[in-house]
Amino acid sequence: MTNGTSPAAGIAFPAGFTWGAATAAYQIEGAASEDGRGPSVWDTFSRTPGKVRGGDTGDVACDSYHRYPQDADLIKSLGLSAYRFSIAWPRILPNGGGQVNQAGLDYYKALLDALGERGIDATATLYHWDLPQALQDLGGWASRDTALRFAEYAGVVAEALGDRVAKWITLNEPIVVAHNGHRIGVHAPGLTDDAVAAAVTHHLLLGHGLAASALRAVIPAGTPVGITLNLTPVRIAPGAGGEHAARLEQARLVTDAFHNGIFLDPVLFGRYPEHAPQDILPPAELIKDGDMTTIAAPLDFLGVNYYQPAHLRPGDPAHLLRTEEPPLPGISGVVQYRPDELERTCMDWLIDPEGLYELLLRVSKDAPGLPLYITENGCAAEDYLNPDGVIDDRERVKFLHLHLEAAARAARDGANLAGYYVWSLLDNFEWAYGYQKRFGIVYVDFATQRRIPKSSAAFYADVVRTNAVPALPATWST
Ligand code: IFM
């Protein structure tokens, strides 16, 4: 075992735990113009100068469109029982709706058959951000019609692929679509409009509800359907109560509604969160009769993506210190900050496995009995091929070890955790960062497309094989 620990001293995961790795279509497939695929908003965005670091695009990416059998072999070699991938809507419906592209369906059938032959269950995400450009031209997610087109697309793939998919995820991280894509504009389609972002939020949720129902009308009974949300625990600086206690608690509620409640409350409880800042709430006229019931149709599971928490402390937004950021609108006397004592990944994201522990217990309490899957967790690191031909990504091994330990502890302490998918199987196109940020447990040499499992792949395969995480070395503080 790594780090000289023995699995016997670690923590076991529940029996029957799902072990997987995750990817997304635009990040790995390439073949952007092949076999009838239509353009997506990410093709348009990445080809716009200045939007993606180094001018990188997903045109080739990991070439998984052609190399999927090799990737399926890799998944099998790690001993994983599941693979989470996304379906590119513009491969199936190049114009967003209407004419179906059979070649697109055939590609996913072949991928699913390759997985099935190797005994790997497929978890298919319908939407991981690659909206057909034709729909964006008609208003994109700001238009209610896009939610209806999404349900049409869900029905088409359910008919064609429903017998081969073990689990369905409607949307991946809708907050990133609304916020990064429409409020701050760092993702496709690059808009910066609060009102548009609020409309997008509602239509994504409606699309989720309609697509879940379209799937369930076709797929074999009992096939689980869920949604994946990236959740962000909100922490208050230790010892920062006192005279600031009430203000901090109010700021915590607002920040929590912004990061979590805005998508979690509608899908779990059929309502928008009470404490959400006004700017992010969809206006009443967009919420039609029956929408909230459609959105809150019972989930079979919730996918949780976890990367880092948010931290709050008293402060002056007019005079921010080095590690501080402005608060959300409507909060005064409180700032967001990055605790110096926490290490960071090369994305500058905080490493805080306790956040995952807290999150899993919180959601299990809020939604008793709902199975949770960690559908993404992982980190970018400065990986390199050393002269021995090895990528010894110790930072990632430590990151995974800490987070898997937190997940196992949460399951032991009552969280309803059923599985874990590492982000990501492969180094890939990391959105606005292009290929500079490597998240894979398998290294990709983008010049040759050679795949080389990193040390983290061996560590993860060991955890999977033993269904247990080794004890943390005593020298690591968490
Ligand atoms: O690469 C992304 C993924 O597409 C969505 N979740 C976060 C990952 C890392 O940024």
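Position 1 is the first residue of the sequence, and the numbers go up from there. Just so you know, ligand 1 is whichever comes first in the structure, and atom 1 is the first atom listed for that ligand.
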Pair Arg344 + Asp348: basic N to acidic O under 4.0 Å: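 Yes, this pair counts.
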
Test: Lys167 and Asp300 ion pair at under 4.0 Å: no

Under 3.5 Å, side-chain donor or acceptor atoms of residues 187-201 against the rest of the protein: list the pairs with distances, not counting sequence neighbours.
from	atom 1	to	atom 2	distance (Å)
Asp193	OD1	Ala195	N	2.9
Asp193	OD1	Val196	N	3.2
Thr201	OG1	Ala197	O	2.9

Those protein residues which place at least one heavy atom below 4.0 Å from ligand 1: Gln27, His128, Trp129, Asn172, Glu173, Tyr307, Trp349, Glu376, Trp423, Glu430, Trp431, Phe439

Check against side-chain contact (heavy atoms from CB on, under 4.5 Å), Trp168 and Ile87: CA-CA 11 Å; Trp168 293 92; Ile87 298 172; 4.1 Å; yes

Residues in side-chain contact (heavy atoms from CB on, under 4.5 Å) contact with Asp256, at least two apart in sequence or another chain: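 Asp256 satisfies side-chain contact (heavy atoms from CB on, under 4.5 Å) with Val234, Asn260, Arg362 once adjacent residues are dropped.
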
Please list, one pair per line, the donor and acceptor atoms closer than 3.5 Å that link side chains of residues 175-184 to other protein atoms, with sequence neighbours excluded.
from	atom 1	to	atom 2	distance (Å)
His179	ND1	Arg183	NH1	2.9
His182	ND1	Val177	O	2.8

